[in-house]
Amino acid sequence: EWIYVPLILIGVFTGLFSMVRFILAAMKSLERIEAQKRKKKKTEENNNLICLLRDSKNNYWLGGINGLGKYNDESKSSIWYRAGNYRHILSRNKTRDVYEDRDGILWICTDGSICHFDKQKNIFVQHLIEDSTHTRNANWAYRILEDLNGNLWISSYANGIFVANKQKLLQSDSSDIYLAEKHYELLGAKTLAMDKNGNIWTVLPLENIWITRVLSNGRKPASIFCKF
């Protein structure tokens with residue numbers, strides 16, 4: 001991982017994020033929170049970043065190994081969501097992905113499955129997802145995105161890819177396990193991307209070969225082999 005100033009190119013697992021002064025301001029604001037906590041607890045805390053997002057409300061979300069930071073440049077306010085922080089709690093600290101869907105709902109991927117942000121209650125709601133056989137779950141979530149049909153695709157590195165209807169998931173009881181509408185046993189899948197035709201792509205590692213699969217609506221996944 002690396003940072004280049006003044007443009008600030010931030011290298012992460014999935015590529016580069018190009019941000020401007022807002023990230024510096026956000027980090028300074030989060031550092032102030034850390035400094036205040038160190039004075040009280042005399043312990044050192046940090047948050048190595050994994051993912052970044054600027055949402056439609058101009059909030060900056062910074063996910064890392066020690067929770068999720070929210071920063072607003074207009075109000076200069078910051079919130080640090082973490083496990084054990086009962087005012088701003090997360091189910092798990094490690095946040096691998098932050099995503100805003102077409103309805104403006106914020107989703108995150110953690111080691112404790114996925115969560116959506118309830119704006120009215122100002123909390124993250126956890127959703128536990130399994131396949132129909134109850135043998136695979138999305139707990140170790142890496143990426144999430146919404147397709148053109150309103151389905152959420154969740155890649156879980158150890159357990160493949162899960163597809164859940166977004167509206168049904170939001171209306172379900174979050175204390176219950178949600179059974180995914182589809183499950184692709186593509187073990188090792190981390191990344192997800194959608195092309196202009198609505199096809200979902202992922203990449204799978206297999207020794208020195210990366211298998212790229214396109215997952216289309218209702219069709220069997222096709223493979224493209226790329227040897228490096």
Side-chain angles (χ1 to χ4, degrees), residues 12-18 50-59 61 63 95-110 113-119 124-133 136-172 174 177-206 209-228:
V12 295
F13 294 124
T14 55
L16 295 176
F17 287 90
S18 176
I50 298 174
C51 53
L52 301 165
L53 173 74
R54 178 185 179 183
D55 67 21
S56 57
K57 303 297 183 182
N58 291 323
N59 295 305
W61 299 86
T95 306
R96 293 191 178 91
D97 192 24
V98 188
Y99 175 76
E100 186 179 26
D101 65 28
R102 293 196 301 273
D103 296 320
I105 301 173
L106 193 82
W107 299 84
I108 62 172
C109 292
T110 75
S113 191
I114 63 170
C115 305
H116 86 273
F117 185 62
D118 188 323
K119 296 179 181 178
F124 280 93
V125 180
Q126 182 186 29
H127 298 278
L128 299 177
I129 299 173
E130 293 183 356
D131 68 352
S132 59
T133 66
R136 299 285 186 183
N137 62 63
N139 288 0
W140 203 1
Y142 268 76
R143 295 291 179 271
I144 183 170
L145 62 77
E146 181 183 12
D147 66 17
L148 299 179
N149 298 315
N151 297 308
L152 294 174
W153 293 66
I154 304 112
S155 64
S156 178
Y157 180 75
N159 287 312
I161 296 176
F162 298 79
V163 183
N165 181 277
K166 185 179 72 174
Q167 293 304 323
K168 289 182 179 180
L169 181 63
L170 290 172
Q171 293 168 10
S172 66
S174 61
I177 294 175
Y178 185 88
L179 298 183
E181 274 70 24
K182 288 184 181 179
H183 173 250
Y184 295 91
E185 199 158 337
L186 303 174
L187 306 186
K190 293 183 180 179
T191 60
L192 289 172
M194 183 171 65
D195 64 26
K196 64 181 180 180
N197 296 317
N199 296 312
I200 308 297
W201 294 76
T202 189
V203 178
L204 298 177
L206 180 61
I209 301 176
W210 289 81
I211 306 174
T212 305
R213 294 177 181 260
V214 54
L215 309 174
S216 312
N217 293 333
R219 295 203 298 268
K220 185 178 179 180
S223 301
I224 301 175
F225 295 84
C226 303
K227 186 173 181 178
F228 294 94

[X] vs [Y] side-chain heavy atoms within contact, under 4.5 Å:
X	Y	value
Ile144	Leu152	yes
Ser113	Asn137	no
Ile200	Leu192	yes
Ser155	Tyr142	yes
Asp131	Leu179	no
Lys182	Ile161	no
Leu128	Tyr178	no

Q) Do Trp140 and Asn159 have side-chain N/O donor and acceptor atoms under 3.5 Å apart? A) no

ask   = Do we see a donor-acceptor contact under 3.5 Å between the side chains of Ser56 and Glu100?
value = yes

query: Would the Trp61 and Tyr99 ring centres measure less than 6.0 Å apart?
result: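 No; Tyr99 has its ring centre 6.0 Å or more from that of Trp61.
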
Any side-chain to backbone donor/acceptor pair from [X] onto [Y]? Under 3.5 Å, distance only.
X	Y	answer
Thr191	Thr202	no
Arg143	Arg96	yes
Asn165	Asn151	no
Arg102	Asp147	yes
Asn197	Asn199	no

> Say you draw a straight line from CD1 of Ile105 to CZ of Phe117; how long is it, rounded to the nearest 0.5 Å?
Replying inline: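 That separation rounds to 12.0 Å.
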
- If you round to the nearest 0.5 Å, how far is CD1 of Ile108 from CG of Leu53?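 So the CG of Leu53 and the CD1 of Ile108 are separated by 11.5 Å.
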
Determine the minimum heavy-atom distance between [X] and [Y], stating which atoms define it.
X	Y	answer
Leu148	Gly198	CD1-CA, 3.7 Å
Cys115	Gln126	SG-CA, 3.7 Å
Cys51	Thr95	SG-O, 3.6 Å
Ala158	Arg136	O-NH1, 3.5 Å
Ile154	Ala138	CG2-CB, 4.2 Å
Ala141	Cys109	O-CB, 3.5 Å

Applied to residues 150-166, the salt bridge (Lys or Arg N to Asp or Glu O under 4.0 Å) test, sequence neighbours excluded, yields Asp101-Lys166, Asp103-Lys166, Glu146-Lys166

What do the steps show when you test Leu169 against Gln167 for side-chain contact (heavy atoms from CB on, under 4.5 Å), and what is the final call?
CA-CA 5 Å; Leu169 181 63; Gln167 293 304 323; over 6 Å; no

CA sep, side-chain torsions, deciding dist, call: Leu106, Val98, side-chain contact (heavy atoms from CB on, under 4.5 Å): CA-CA 7 Å; Leu106 193 82; Val98 188; 3.7 Å; yes

- Identify, with sequence neighbours excluded, every residue that meets ring pair (Phe, Tyr, Trp, His ring centres under 6.0 Å) alongside His127.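 Only Trp107, His116 meet the ring pair (Phe, Tyr, Trp, His ring centres under 6.0 Å) criterion with His127.
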
Sorted by chain and residue number, the salt bridge (charged side-chain N to carboxylate O under 4.0 Å, His left out) partners of Glu181 (sequence neighbours excluded) come out as none

